[in-house]
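Structure first, commentary second.
The figures here come from the full heavy-atom set of this structure, side chains too, leaving out hydrogens, waters and symmetry mates.
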Amino acid sequence: FFTIAYQEGKLVEETTIDTQANVTEIKGRRILLVEDNEFNQMVAVDTLADLFTDLTVDVAEDGFIALKKLSEQHYDMVLMDIQLPEMDGFETTRKIRTTLPKPINQIKICAMTASVTKERIDECISSGMNDYLMKPFVPADLKEKVIKNILSIT
């Protein structure tokens, strides 16, 4: 037998976003997907196309390409993989926040990661990301994250 000492958790009520009402507001918006894995790129792009009509998704295979694309084109949101070659998602996010001019450096960035431990989530937020999405993602969760971040719904 053994005893585990722990603090009692607090119930946090999650707010749900009326995704149907907000889908039309996503029309004409642009997302930058920063993902090095071709299969993951295909899944994310195809899922976003199924969820939203008239949404443009550009892909950057690494952080350097992401910085270049962000400085050349307007985007409404970034979906950022954490494990990228050469410069990971944390470093890329820090560079977006510190080296790009306003308002580009204030873009909403949502981490896409297979690890959603408290430590990893804290690391995402402390690097400057606004949100996170677990991979593999559920399409409804991706839809909610896109609407929440592009429309700045809290």
Side-chain angles (χ1 to χ4, degrees), residues 10 12-19 22-49 51-52 54-154:
K10 295 178 182 152
V12 177
E13 290 186 35
E14 290 192 25
T15 58
T16 56
I17 297 171
D18 182 2
T19 56
N22 294 310
V23 166
T24 56
E25 294 182 61
I26 302 300
K27 285 186 178 185
R29 303 297 184 112
R30 298 182 72 91
I31 290 180
L32 179 61
L33 171 66
V34 186
E35 171 66 65
D36 63 315
N37 181 287
E38 287 184 35
F39 179 76
N40 291 344
Q41 291 172 6
M42 181 186 67
V43 169
V45 170
D46 289 350
T47 304
L48 287 164
L51 294 172
F52 303 100
D54 196 27
L55 173 72
T56 302
V57 181
D58 290 339
V59 176
E61 295 81 13
D62 64 42
F64 294 106
I65 295 170
L67 290 168
K68 185 175 186 314
K69 286 184 179 257
L70 283 166
S71 64
E72 296 174 348
Q73 174 68 49
H74 168 78
Y75 292 96
D76 297 288
M77 177 184 179
V78 175
L79 291 170
M80 179 76 68
D81 183 27
I82 298 300
Q83 296 179 332
L84 296 168
E86 298 184 47
M87 180 170 45
D88 67 21
F90 301 120
E91 179 74 17
T92 303
T93 297
R94 284 190 285 274
K95 288 198 179 291
I96 290 168
R97 298 294 187 226
T98 60
T99 65
L100 295 179
K102 285 185 179 180
I104 301 167
N105 67 354
Q106 297 171 339
I107 192 167
K108 298 289 183 160
I109 302 173
C110 181
M112 294 178 68
T113 177
S115 173
V116 288
T117 63
K118 180 173 178 358
E119 292 79 21
R120 184 54 65 125
I121 294 167
D122 290 345
E123 191 175 4
C124 290
I125 301 304
S126 68
S127 72
M129 296 179 190
N130 304 91
D131 208 344
Y132 58 91
L133 177 66
M134 186 173 140
K135 289 194 315 189
F137 58 81
V138 175
D141 292 342
L142 176 61
K143 184 177 188 179
E144 187 171 325
K145 296 293 183 177
V146 168
I147 290 170
K148 174 185 170 191
N149 285 285
I150 287 181
L151 302 180
S152 297
I153 298 171
T154 55

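Under the 4.5 Å side-chain criterion, counting only non-hydrogen atoms from C-beta, I82 is in contact with R120. Within the 4.5 Å cutoff, the side chain of L32 has no heavy atoms near those of the I107 side chain. The side-chain heavy atoms of K145 and L79, taken from C-beta on, include no pair separated by under 4.5 Å. Between D58 and R30, the closest side-chain pair of non-hydrogen atoms falls below 4.5 Å. In this structure, the side chains of I96 and L70 come closer than 4.5 Å at one or more pairs of heavy atoms. In this structure, the side chains of M112 and L33 come closer than 4.5 Å at one or more pairs of heavy atoms. Between N105 and K102 there is a side-chain heavy-atom pair separated by less than 4.5 Å. Put simply, the side chain of M80 does not reach to within 4.5 Å of the side chain of F90, judged on heavy atoms.
In terms of heavy-atom proximity, G89 sits nearest to L84 at N-CD1, 3.9 Å. Across all their heavy atoms, A111 and M129 have their closest contact at CB-SD, 3.2 Å. When all heavy atoms of G63 and T92 are compared, the pair lying nearest together is CA-OG1, 3.3 Å. Annotation for N149 and C110: closest pair ND2-CB, 4.4 Å, computed over non-hydrogen atoms. What you find for M87 and F64 is that their closest heavy atoms are CE-N, 3.5 Å. When all heavy atoms are compared, the tightest approach of V23 to L51 is CG1-O, 4.2 Å.
Just one of I125, I109, T93 meets the side-chain contact (heavy atoms from CB on, under 4.5 Å) condition when paired with N130; it is I109. Paired with E25 under the rule side-chain contact (heavy atoms from CB on, under 4.5 Å), one option of I150, L151, I147 passes, and it is L151.
Contacts classified as salt bridge (charged side-chain N to carboxylate O under 4.0 Å, His left out) and involving residues 74-87 (residues at least two apart or in different chains) are given here: R29-D76, D81-K135.
The environment of Q73 atom CD is dense: over 12 non-hydrogen atoms of other residues, nucleotides or ligands sit within 6.0 angstrom. Counting non-hydrogen atoms of neighbouring residues, nucleotides and ligands closer than 6.0 angstrom, the OH atom of Y132 reaches no more than 12 such neighbours. Heavy atoms from other residues, nucleotides or ligands lying under 6.0 Å from NZ of K95 number 12 at most. Within a 6.0 Å radius of CD in E72, other residues, nucleotides and ligands contribute more than 12 heavy atoms.
Taken from CG in L142 to CG in L133, the straight-line distance is 6.0 Å, to the nearest 0.5 Å. Atoms OG1 and CE, on T47 and M42 in that order, are 9.0 Å from each other to the nearest 0.5 Å. Taken to the nearest 0.5 Å, the OG1 atom of T24 stands 11.0 Å off from the CZ atom of F52. Distance check: D88 CG to E123 CD gives 8.0 Å after rounding to the nearest 0.5 Å. In this structure, OG1 on T56 lies 11.0 Å from NE2 on H74, to the nearest 0.5 angstrom.
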| request: In sequence, state the C-alpha distance, the side-chain angles, and the governing distance for D131 and K108, and then conclude on salt bridge (Lys or Arg N to Asp or Glu O under 4.0 Å). | output: CA-CA 8 Å; D131 208 344; K108 298 289 183 160; over 6 Å; no
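Every salt bridge (charged side-chain N to carboxylate O under 4.0 Å, His left out) that K118 has, sequence neighbours left out, goes to D122.
A distance-only check finds no donor-acceptor pair linking the side chain of E35 to the backbone of Q41 [under 3.5 Å].
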